[in-house]
Number of protein chains: 2
Amino acid sequence: MLTDRSGILEDMARPVPETHQEILAAAARRFAVTGYKGTSLQDIAREVGCSKATVLYHFANKEALLGELMAPAIAVLEALDARIAAHRGGAAQRVAAEGFVDLAVRFRREIALLRGEFPDLLQQPAFAHVQQISERLIDAFAGQSDRPSARIAALVVLAGIAETCAEFIAIPDEELRPALLAVVQRALEPAT
Amino acid sequence: MLTDRSGILEDMARPVPETHQEILAAAARRFAVTGYKGTSLQDIAREVGCSKATVLYHFANKEALLGELMAPAIAVLEALDARIAAHRGGAAQRVAAEGFVDLAVRFRREIALLRGEFPDLLQQPAFAHVQQISERLIDAFAGQSDRPSARIAALVVLAGIAETCAEFIAIPDEELRPALLAVVQRALEPAT
DNA sequence: AATCGGTCTGACCGATCGGTCAGGTGCTGA
DNA sequence: TCAGCACCTGACCGATCGGTCAGACCGATT
């Protein structure tokens, strides 16, 4: 039933009107500055230059907006989770460290907009398994050890990386990533 | 400050009515769970068992409540800042590391209720110099180095400690503190 | 010319926010 | 007995929140 209403876009690259993307970009910008709860739909609409009703025409609700914004990062996080599981018992710690640093550097903006609202937002169904994944990440960082000191070190590193990436939004990737990898290798006990 | 409303309280055991303290305790409990912005004066009043107007009778406004709640932690933080400045050039890094771990462990609850709202709350006049202090803390952790890798490592450790303390609210101090000190010593490069 | 669907909007909704205010209550000192 | 004060409250305020809805606009199809 779909009439591709301009024969020119055979390349199927435009299933979504540009306003949709503009709203997404504006929301990312605002969320990164004032947080999810701290940003109103009005704020986003003002930044786009449209009405609040338009925002809610393109997205079912505020939560759906956040979900679409976080989807790529979550997909990569899930892929990392699978890769860690595949190395269980072997080089899981190294895979987790390198993979998470990569992810954190790449999705700095997404991490920044979750800052501090992580606990609240994890309750939402869209992020249901993210919590489990982060627990498995801590396991991997701790070298699958149950020793409290290992788990504490793992959480320090994990949370520290996330916060640091959110803070250094301007620094180039090539500078941030090796510095993070270095501190991670130093901080994590060799799995005992 | 409260008006000492009669010269008779020589015994200085009751300078503040008990409701005041109950509100303070209830606010600390709620803030730690749902955050500052996420907790309404209604929530606090409900937990105390009084009306919202009573909360605002004892505290000028919500910000004043938070200020009184954070005052002890901030006082200790300022003392640490002074101690670090005194060791400038010498053992500043060690003083900063041990002092901050102590502080973070001791004021876990206070740190937890700032979770993620740190950037917003630092704007408020009550926390004006806290921002400068935390920058000096990073300086000390980085061994006064300007190298980006040193500053990144410092921020990872600082933020990681804070987040970890906020997360492990149940674990006993004797277990948390040495584990944190160990990971800090490992993670921080010897000042080069 | 008529219609139709995608896009967009102003007006509006109920809920909740932090905060104000006039007044009630009960103890205390004169 | 009575004035004064600390304490507490319900009612109320303006602002803002996320979200709904009826309808305006407009290019494409018939």
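Below, each value reflects all heavy atoms present in this structure, side chains not excepted, and no hydrogens, waters or symmetry copies. Every chain is numbered from 1, with letters handed out A, B, ... down the list of sequences. Since this is a predicted model, take the numbers as computed values, not measurements.
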Mind calculating the distance between [atom1] ([X]) and [atom2] ([N]) to the nearest angstrom?
X     : N      : atom1 : atom2 : answer
A:R46 : D:dC17 : CZ    : C1'   : 13 Å
B:D43 : C:dG19 : CG    : P     : 14 Å
B:F59 : D:dC7  : CZ    : P     : 12 Å
B:Y36 : C:dC17 : OH    : C1'   : 12 Å
B:R30 : C:dC17 : CZ    : P     : 11 Å

- prompt: Given that A:Q42 and B:C50 both sit by DNA chain D, which one's nearest nucleotide is further toward the 5' end?
  reply: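 The answer here is B:C50.
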- prompt: With nearest nucleotides of DNA chain D determined for A:L41 and A:A53 from heavy-atom distances, which residue corresponds to the more 5′ nucleotide?
  reply: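 Comparing both residues, the 5'-ward one is A:L41.
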- prompt: Is A:R136 salt-bridged to A:D139, going by a charged N under 4.0 Å from an acidic O?
  reply: no
Tell me whether the OP1 or OP2 atom of [N] has a side-chain N or O from [X] closer than 4.0 Å.
X     : N     : result
B:H58 : D:dA6 : no
B:H20 : D:dC7 : no
B:S51 : D:dC8 : no
A:T19 : C:dC8 : yes
B:Y57 : D:dC7 : yes

message: Could you check whether atom CZ of B:R106 has more than 12 heavy atoms from other residues, nucleotides or ligands sitting under 6.0 Å from it?
response: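 Not more than 12 within 6.0 Å, no.
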query: Does any N or O donor sit under 3.5 Å from an N or O acceptor when you compare the side chain of B:K62 with the base of C:dG19?
result: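 For B:K62, whose side chain was compared with the base of C:dG19, there is no donor-acceptor pair (under 3.5 Å).
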- request: Give B:L56 one of three labels, base, sugar-phosphate or nothing, depending on what nucleic acid heavy atoms sit under 4.0 Å from its own.
  value: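 Base contact.
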message: What's A:T54 touching, base or sugar-phosphate or nothing? Going by heavy atoms closer than 4.0 Å.
response: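 Counting heavy atoms under 4.0 Å across all strands, the contact made by A:T54 includes a base.
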message: Using modelled atom types and a 3.5 Å cut-off, is there a donor and acceptor pairing between side-chain atoms of A:Q93 and backbone atoms of A:F141?
response: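 Between the backbone of A:F141 and the side chain of A:Q93 there is a qualifying donor-acceptor contact (under 3.5 Å).
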- request: Taking the side chain as every heavy atom from C-beta outward, state whether A:E167 and B:L155 have any pair of such atoms under 4.5 Å apart.
  value: yes
- prompt: Taking the six-membered ring of A:Y36 as reference, does the NZ or CZ atom of A:K62 fall below 6.0 Å from its centre and within a 45° cone about the axis?
  reply: yes
